[in-house]
Structure formats: C-alpha cells, structure tokens
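Please read all numbers here as calculations on a predicted model, not as lab measurements. Nothing fancy with the numbering, it's 1 onward along the sequence. Counting starts at 1 for both ligands and their atoms, in listed order.
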Amino acid sequence: MTTITELSHLHRFLPAAEPGRPPLLLLHGTGGDEDDLLPLGRAVAPGSALLSPRGKVLEGGMPRFFRRLAEGVFDEADVRRRADDLAAFIAEAREAYGLAAPVALGFSNGANIAAALLERRPETLAGAALLRAMVPLPDAPAAAVAGKPVLILSGASDPIVPAENAARLAGALRTAGALVDHRVLPVGHALSQADISVTKAWLAERWPHGTS
Ligand code: MLT
C-alpha cells in the first residue's frame, strides 16, 4: 500500500469492496497519520471505501488538522482555513475516485476538524461520527447541516474534553437541525471497544443502503 501524494493532502485511499456502502473520511488524532484509523474504518464499515488524509499542521513533529495555542485552546482563524482546505480535498478526492459524499469518522483532533467541517461546510459530508470531539469554533453551524446524522461519543472520564464542552457541541448541531445522537461512554479519551460497536451499529442503521 502506498501513500498517495497527488491531491492536496497526503492520504491513503482504499476502494470499496462492496458497492453502495458509504465512503468514510478518516481523520486521525494529534500525532497520528493516514494509517492510524484504517483498522477502525475497516472494523466499523466493512466494505466501505476509506479516504484517510494526513493533517498538514505539525506540532512538535506531530501531525494535526489545525493549530492550537494550548490544549483545548484553538487558533480559530487556522481552524477555519484548514476546514476549508479539507473541504477542497474532499471535493478533489470525490472527483478523482468517483465517491459519494463521505461520512467523516474522526478521533480527537480529527473529530474536532470534522466538527468544524460540519459547522462551515456541511455540504461536503453525508454525516459524521465524532469520537471525543469538542467545540472547534464559536460560530453557529451553517444551515446545510440540517438533516445530517451526527454521532458524538464522549468519554465520562475524558481528561481532555470537558463534559460541558461536548454537550455544547451536540446542542449547537442539534439546534441547527442535525440529527445528533450524543452518548457518553464509561471511558476516558482513548478509543475503546464500545466506540467500535456503537459506531458500527450507528452507521449500519443510518446508511443501510449506502449514501448515494
Ligand atoms: C485538539 O487539539 O484538537 C484537542 O485538544 C484534542 C487533541 O488533539 O488533543
């Protein structure tokens, strides 16, 4: 398997093994890369195409999807710019690979950039599963988020994402009309077996016949 460099983000692309399954856009956490979430993607969406870009920002050598000033304190101008760049990449990849709008599956920093995409450019996604997400921007979500399925999985003992912050993200998306399913799992920030089983069941229920 090779990392593909032609489009605007380094990425991996795995074609669908089963036609009609929704493509997944995999967005890694801080210090991850385009390989990190491939096993998760295969586990929650067997047969789906997987599109997995690497974040372009480096923090002490660790890839991320946007700059932060401190843990949980984001450079909002950079969040907006990077979300728009990622939206452009999604459009390029959809054309290059002939994909339907993907469902984002993001973890931690990847969940936060997916939430920023939902707020700024919801038309680029069919929906999103946000694992350990927090509010990326104070802006109200764009109206096109209405009707989009969004799963938010928080950790009850997450030391990075305050419960109030995740609840605020769920509330903002819900107010804008997204179909939000917010669950708090008895875990911390790290991914757990429960994340896999809940996300898999949510995808199967929301997209029994694919996204197109
Ligand atoms: C972020 O910076 O996006 C969040 O603090 C999550 C993280 O990457 O640690």
Considering non-hydrogen atoms only, spot the tightest contact between N165 and V135 and give its length.
OD1-N, 2.7 Å

In short, A83 meets R120 closest at the heavy-atom pair CB-CD, 4.2 Å

Checking E59 against T30: is there a side-chain donor and acceptor pair closer than 3.5 Å?
no

Could you check [atom] against the protein and tell me its nearest heavy-atom contact, residue, atom and distance included?
{"atom": "atom 7 (C) of ligand 1", "result": "S108 OG, 3.3 Å"}
{"atom": "atom 9 (O) of ligand 1", "result": "R68 NH1, 3.2 Å"}
{"atom": "atom 4 (C) of ligand 1", "result": "N112 ND2, 3.4 Å"}
{"atom": "atom 8 (O) of ligand 1", "result": "T30 OG1, 2.5 Å"}

Counting each atom of ligand 1 from 1 as listed, which ones have a heavy atom of [X] under 4.0 Å away?
{"X": "G72", "value": "5 (O)"}
{"X": "F66", "value": "3 (O)"}
{"X": "R64", "value": "1 (C), 2 (O), 3 (O), 8 (O)"}

Between Y97 and L7, is there a side-chain heavy-atom distance shorter than 4.5 Å?
yes

Is the closest side-chain heavy-atom distance between R42 and L14 below 4.5 Å?
yes

Whether F74 lies under 4.0 Å from ligand 1, heavy atom
yes

Would the distance check show the side chain of R132 and the main-chain N or O of A190 forming a donor-acceptor pair, the cut-off being under 3.5 Å?
yes

